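What follows is a single structure, written as structure tokens, with notes after it.
Since we're looking at a predicted model, the values are computed, not measured.
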Amino acid sequence: MDDYAREPCPWRITEDCGGAFSMGAIGGSLFHGIKGFRNAPSGNYRRLISSFVTLKERAPVVGGNFAVWGGLFSAIDCTMIYIRKKEDPWNSITSGALTGAILSVRNGTGAIIGSAIIGGVLLALIEGFGIMFTKMTAEQFNPVNRMMPEDPAQAPQEGAGSIFGSQGSYQ
């Protein structure tokens, strides 16, 4: 099984920016397509036209906003890797907090602090769930059979204390 290796940092920023744009454009298409359909005057033709017009106008904007977030996050993450000389979850948590703070800088000090806290907490949750999921799924590849005792002398005798009777079927 091949391990997924990320690109080096200069290319990682471009890759994350493009991926975030795609995700935002697809999500924005769905959201604004439905919004345009619901807010249109009555009539199926009008609703369909309004849906496509709203989708065409707003989906690229949402994609662009996602791309800015993804590019800034990735740039800060690469900077943290360069400064700290290691790649760990703290880089992502710090990058999320700094990205939230930078993107809300025009709204004042309160918004900066609030966005930094929210960004850091969200990335901490994401990293925590990722670590938990990795540990849970790694146990299935453990070569040790946990059902068998390590000492053969402690193994249950045939028919004594097992859930199977003398016929070998479940009773």
Open item on the list: To the nearest 0.5 Å, what is the distance between CG on L72 and CD1 on I76?
Closed with: 4.0 Å
Open item on the list: The test is side chain to side chain contact (heavy atoms under 4.5 Å, CB included); show your working for N107 and I112 and say whether it passes.
Closed with: CA-CA 7 Å; N107 297 326; I112 293 172; over 6 Å; no
Open item on the list: I want to check something: taking the side chain as every heavy atom from C-beta on, are M80 and I93 in contact at a cut-off of under 4.5 Å?
Closed with: no
TODO: Looking only at non-hydrogen atoms, find the nearest pair between T134 and T137 and report the distance.
DONE: O-OG1, 3.2 Å
- [ ] Can you measure from OH (Y45) to OG (S50) and round to the nearest 0.5 angstrom?
- [x] 12.0 Å
- [ ] Starting at SG of C78, measure out to CD1 of I83 and round the result to the nearest 0.5 Å.
- [x] 11.5 Å
Task: Nearest-0.5 Å distance that lies between atom CD in E57 and atom CZ in F52 - done: 14.0 Å
Task: Heavy-atom check, side chain of F31 versus side chain of V62, under 4.5 Å - done: no
TODO: Would you check, one step at a time, whether the test side chain to side chain contact (heavy atoms under 4.5 Å, CB included) holds for L123 with T94?
DONE: CA-CA 8 Å; L123 264 296; T94 305; over 6 Å; no
Open item on the list: For K86 versus N91, what's the shortest heavy-atom pair and its separation?
Closed with: O-ND2, 2.8 Å
- [ ] Flag this pair as yes if the NZ/CZ of K85 is under 6.0 angstrom from the six-membered ring centre of Y82 and inside a 45 degree cone about the axis; otherwise no.
- [x] yes
Task: Distance (rounded to the nearest 0.5 Å) between I13 CD1 and S74 OG - done: 5.0 Å
Task: Minimal non-hydrogen separation, A59 against S29, with atom names - done: CB-OG, 3.5 Å
TODO: Check whether any side-chain N or O of S51 sits under 3.5 Å from a backbone N or O of G33 as a donor-acceptor pair, and report yes or no.
DONE: yes
Open item on the list: Is there a path of hydrophobic side-chain contacts, each under 4.5 Å between heavy atoms, that joins V61 and M23?
Closed with: no
- [ ] Could you tell me whether the side chain of R47 and the main chain of F37 form a donor-acceptor pair under 3.5 Å?
- [x] yes
- [ ] Look up atom CG in L122 and atom CD in E127, then write down how far apart they are to the nearest 0.5 Å.
- [x] 12.0 Å
Task: Criterion side chain to side chain contact (heavy atoms under 4.5 Å, CB included) on F73 and L98, from CA distance to verdict - done: CA-CA 8 Å; F73 175 84; L98 287 174; over 6 Å; no
Task: Same apolar cluster: I117 and L103, side chain cutoff 4.5 Å - done: no
- [ ] Would you please test R12 and D77 for side chain to side chain contact (heavy atoms under 4.5 Å, CB included) and show each step?
- [x] CA-CA 10 Å; R12 185 184 299 185; D77 193 32; 4.1 Å; yes
Task: Within 6.0 angstrom of R46 CZ, more than 12 heavy atoms from elsewhere - done: no
Task: Sidechain-backbone polar pair: S104 side chain, G100 backbone, donor-acceptor under 3.5 Å - done: yes
